[in-house]
Structure formats: structure tokens, C-alpha cells
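A quick write-up on the structure given underneath.
In what follows, every chain begins at residue 1, and chains take the letters A, B, ... in the order their sequences are listed.
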Protein chains: 2
Amino acid sequence: MAATEGNGVAVRLADVAREAGVSPATASRVLNGSSRKPAEEIADRVRVAAQRLGYFPNAQAQALARNTAGLVGLIVHDIADPYFSSIARGVQQGLGENGVQLLLNSTGRDPQRELAAVRAFMSHRTDAILLAGSRSQQEDHELMEALRRYQDNGGRVAMIGQPLPAAGGVQLDNAGAAAALADELLKLGHRRFAVLAGDQSLATARDRVEGFVGKLRDAGVEPVAVREGAFTRDGGYHTAGDLVRDGLLEAGRQTCVFCANDVMALGTMTAVRERGLRLPDDVAVAGFDDIPTLGDMFPSVTTVRIPLEEIGRMAGEMVMEDGDARRLVVSGHPVLRESTRPVGA
Amino acid sequence: MAATEGNGVAVRLADVAREAGVSPATASRVLNGSSRKPAEEIADRVRVAAQRLGYFPNAQAQALARNTAGLVGLIVHDIADPYFSSIARGVQQGLGENGVQLLLNSTGRDPQRELAAVRAFMSHRTDAILLAGSRSQQEDHELMEALRRYQDNGGRVAMIGQPLPAAGGVQLDNAGAAAALADELLKLGHRRFAVLAGDQSLATARDRVEGFVGKLRDAGVEPVAVREGAFTRDGGYHTAGDLVRDGLLEAGRQTCVFCANDVMALGTMTAVRERGLRLPDDVAVAGFDDIPTLGDMFPSVTTVRIPLEEIGRMAGEMVMEDGDARRLVVSGHPVLRESTRPVGA
DNA sequence: CTGAAAGCGCTTACAG
DNA sequence: CTGAAAGCGCTTACAG
């Protein structure tokens, strides 16, 4: 039989009830935990019937009757990005074993698709919507409006990474962690810095750069360059190449390059190496995120570890709780490796 | 007002109909594409009313009435693993812009949780279930049974990566790609090989090793070692360390180590380096998967590229089509980089 | 073209 | 404790 539309021939609660010789109401109470507890003897009959018939409750019908879907929606920029996939894993953990299912939507940073995702989740009457990743405040008016209405209807909203005025969530202290990294690098003796700032229209990139440069200035150190570029591996590769071309990175004078994320640091390392400079003697490199492969690079790469999975987990737990979504801030911490070893150390 | 359960106060189709002065049937036909097309003038009134009231169709109610949920379920071992997150991204692409939403479940390779995920998806009456990643054939009896029943009820099933007797899907020619890699390495002049086989209870690992070693033997070359271990970065690290300890990897005699996946190759490189051997002069290394950071390693790492995203996309498209799910095989191809440069080349 | 009515599969006050 | 009945929000033959 060819697979056609839908699932109509599935066994229904009414079938189970008939098989067990009870009413649908009773069968429902036995099978789907209610406060009313039918007699053990009857309950057994129902369970046996359900088992024999291979009954699976129709979640759609339950959602309609109960007015709660058992669904939580997660919106990320790109699920193939380790940053978001780690968060996604954490979110699922945080949701726990309550049978809540995760609806995932990966939007490619497209505001139109983000809005469409929120609307789709609203249609599916998800109990909560989790939004991960920073976005520009600009064209988000419609998004905010949709989320507000969702909340008015009892939906819970939590932001992951970037705060939102009207919603709780779990955010990262990017600025503080970047400052802590700067502090460590200064302690190591670095004094000459360049900054690959990534895309400064992203709050995440901005906060990291501000935190880092701010701490430098507190110590009376001014970076020799702060360059914007794509917030990607290629962005790091090209911007670092520019720095070499412009004579800011050169042999014999160690410069510490802070990249606003790890993939930019990887691009930087390759660009620097291709131009014949030594790592870390000529160019020291630090990133941000602690993506998985960093420790196996050569030299291993200094970065800031952020507990992505935990952030996701906390957000997941948060939307499973009662009460208003709180606002939590978690901090990352510097992980010093070989790529920032000062010359002569 | 505190966010409580559910979404009950949302505006309903009946509200829109009343506002527009038409019947719910007409409103439904205007708003949710039916073959019957109401008059333009009326349709406009309905659309305006829906807009003014901020109407969102209740997907649960639609699913119940239409007997199709607009949901597809994806089951992976670990969404934080780049292998699976790339597939997940592809799947979402393959689903297209039809408004179908993705239900994601990450099971941690636990057969119990896989079964629970399938059951949950069945409850939610997903139109299709996609299973990614290989699993052992053993305790899967219950799983197979559940999937069979799902299919009997009209659900579509597609496997990603590993074939399944009763279902179509997209699989990878692991053995063929591994053989192609072996061939390239032989052409480069490598003659002394060791194999880190990973967990041989996984079909994926087994196929890769068999394909690789088979091609070697065809050329009259027997590997000096084939060692099992965890299919992880640490598995590679420890197993490679053992090889050094046992004198199979040593300075001055280049051995090419084939690792059944990339993360094992990364662990291998670090282990080898820590023991003072040179890459690739003493130890050449090749992996499998082409995870993102490989090209920025030093030396850059030879591997087999598998089009994960495309595999996911094909599977997504497949379950959106009519007719029986086909069985597609896609092949990876070797990517030669610095880590397998032969001595003297 | 439009609408009244039945039905999708469950849950849950309300009676008994 | 158990069941009959109404209702959740939509869709769709069936009449008109």
C-alpha cells in the first residue's frame, strides 16, 4: 500500500474504550493521567486493550482539548553552526522528560524567515518560543509585535544570548568575559594588540570588542588596529590578510590578535601562516567561543569558553517553570593556550 | 498578567467570520487555500478582518480536521555533533517553504530514547519520520515494529546514512569513498598504513574500514595495525598513543594513519605531536567526514568529504514527495591536504 | 458561490 | 467511581 496522506486509520481512544468495555471518558482518565483515578481492575482492562490495539494518543486532539500543545519552538540562525547546535542540545535537556517536543527552525539570519518561524510556532500553539542569537534592533518591529501578542495569549518567550526588553531569558556576559580575556593577555605580557571585530551590527560582536578594548584602555593600551569584517572564518582570513598587507602584522614584533569569535581566529591563523609569519612568535591569536577543535589546533588556540549547552539548558528549564521568565546572566571564562604564548616565555 | 498555561484567548476563525459578516466555512475557504474560491469582494472582507483581529489559524485544529499535521520529525544521535547538525540543516532546506515544521529529537544513541522519540512523533501524527545515523541491528526490534506500524498508518519513513530494510532513504557509500581515499594515498606513494577503526559495532565505522583495507589488499598492502577504539576525538587520541607506545609509529619511518572519522584524526594528531613525532614526516594522517575546521589545521588534514547537507536535503525532499520513498546512494570523495604529504615530496 | 452541519480525536466539568 | 455530553478550532462533503 503506497504511503498516502495522513494517518487516519490509527486506532482511537474510542476503539480502546470499546475493546475494554468502558466509556471513552474512563479510558482517557486511565491512559492520560487525570486527577480522577478509575478502579485498578478497570484501569488494567483499559491498559491491556490499549496495548493490544497499539493505541497512541493523538497529540493534536489532546492539544485542542487541553489547550496546551506540549510543544516548544526554538529559533536559531543556523543549526549547522556549533554555537547554535550546542544551545539546541542544551535546550532539549532543559525541556526534560516531560514529553515536550522541540520544534526547530533555522532562519539563516533572515528577519523575514524569523518572523515566519514565530508565526508558524504561534499557529502550532507552542507553549513557549525560544529565540537564540543576536539580531539587529532595526526591522524587528514586526517580530516584537508578534512576540508581544504571543505573550498576551499566554505564550512564554525566552531569549538566548541576547536580551530583549519584553522577555526574560539567559544571556551571556560577552563584555565581561572579553575583558577578563584582555586582562589575562595583559598579565602574560602582551602589549601590542590588533582586534578583528567582525560585524559590528551584531550586538554580540560589539559587546565582545567593547569589553576587550575597554579593558585594554584601562591599562593604558591602545590597539594598533580595530578592523570590521564578516563574522566568519573567511572574514577572519581576509581581514588578517589585510593587516599583514598593511604592515601591522610582521615578523619579529609579536602582535596579539583578538578575534571576536573562534572561526575568525582559525581563518586568521591560516592567513598569517600563508604569509610566512610564525604562530605565536610573530602573531599571537585569541578567539572567543571555545569551539570543539580548538585544543587540537597547532598551536592550540586561546579563547573564551562559554557554557553554550548550559545556557540552552537553563533556557529550556526556564520555560518549563511557572511564573514569569527570569533574566539570567552567565559568564564565560578565558582558556589560555599556546597561541598566545608571549615571545620569550 | 503572568504567563499561564496555554493559548486559549487567541482569536478564532469564528471571530474573523463574524467580523467579516460571513460563515466560518467561507472564512476558512478564503484564508486557507481551498479549491472553492469565494468572490473577491467577500474574500477581501475576510482578509481585512483576519488582519485586523490578528488571526492565526490553530494548526492543531487544522491537523485534526485535515488529518495531516504539517509536521516532520527528525531523530538524530546528537544535534551538537556537526555531522548531524549539517544533516539537520539540509533536511530543513529539503522540506522547503511549504510551511512544514520540523520536530527535532536528539537521543544520545540511547535505543530507549529513540523509541520514545518515534512514539512521540507518532503521537504528534507527523507526516514523516527521518532517522539519521547508524544504529546496531540488535535491540531495534521494537523500533522497527513501531516504524512499521507508523508506515501502515500512512506515515513516511526515510533513513539517513544507514539503510533499513523496510524504508527508503539516502545513504552514504562509506566503503566506496574509503576505497577511493586508499587509492589516492597509494598513488601518493604511501605503503605503510595503520588504521584506527573506531567502534566496529557501528556499521558506518565498519564500512569505512572495510573499504579502506580492502583497497589496500587489492594493491598487496597489509596495514601494520588495525585498532578499535571509541569513535571520538579521545578514542583517536588514546589509540594513537597506544600505537606510538607499541613502536608502530616512530620517527624516521613514515606511517600513514587512517582514522575512521575526522575527530579521531584530530586526537591522533595531538597525541602524535605530544610524543615528539613530526606531522606528516613521521606520521601522515587522514580522516573521514571533512568537518569544517580541517582546512585550517596545521598541517591541513586529508579526509573524505561527504555532502552531509545535501544528504539531508535529499531526504527532506524525498519525504515531501508522493510515491514510495526511494533509496538513494551518494558518494563522498577524497580531499587531499598536507597531512598526507609523502616524505620527500 | 455560500452556509448549516457533521466530524476530526480527545478532555473535562457536570450529573448520577 | 463512571458515563453522557459538550466543547476545543478547524474543514469539507452536502444542500441550497
Open item on the list: Can you say whether a donor on the side chain of R125(A) sits under 3.5 Å from an acceptor on the base of dG9(D), or the other way round?
Closed with: no

Task: Which atom of H124(A) lies closest to which atom of L71(A), heavy atoms considered - done: O-CD2, 4.0 Å

Task: L13(A), nearest nucleotide to its side chain (from dT11(C), dC10(D), dT2(C)) - done: dT11(C)

TODO: Would you mind pulling out the nucleotide paired to dA15(C), Watson-Crick or G-U wobble, both distances under 3.5 Å?
DONE: dT2(D)

Task: Residue whose nearest DNA chain C nucleotide is more 5′ - A65(B) or I42(B) - done: I42(B)

Task: Lys/Arg N to Asp/Glu carboxylate O, R18(A) vs D15(A), below 4.0 Å - done: yes

Open item on the list: In this structure, how many angstroms lie between the C1' atom of dC8(C) and the CG atom of L64(B), rounded?
Closed with: 4 Å

- [ ] Could you work out the separation of dT12(C) and dG16(C) based on their C1' atoms and round it to a whole Å?
- [x] 16 Å

- [ ] In plain terms, say whether E309(B) and R313(B) are close enough for a salt bridge, that is, a side-chain N and a carboxylate O under 4.0 Å apart.
- [x] no

Open item on the list: On the nucleotide dG3(C), are OP1 or OP2 found under 4.0 Å from the side-chain N or O atoms that T26(B) carries?
Closed with: yes

- [ ] Would you mind telling me which of dT2(D), dC10(C), dG9(D) lies closest to the side-chain atoms of R29(A)?
- [x] dT2(D)

- [ ] Would you mind reading off the distance between Q62(A) atom CD and dC10(D) atom P, rounded to a whole angstrom?
- [x] 19 Å

Task: Separation of atom CZ in R66(A) from atom P in dT12(C), rounded to whole Å - done: 6 Å

Open item on the list: With a cut-off of less than 4.0 Å, is there a side-chain N or O of S23(B) near OP1 or OP2 of dA4(C)?
Closed with: no

Open item on the list: Please tell me if S28(A) has a side-chain N or O lying less than 4.0 Å from either OP1 or OP2 of dC10(C).
Closed with: no

Task: Whole-Å distance separating the CG atom of N153(A) from the C1' atom of dC8(D) - done: 15 Å

Open item on the list: When you measure from the side chain of S86(A) to the backbone of P82(A), do you find a donor-acceptor pair of N or O atoms at a distance under 3.5 Å?
Closed with: yes

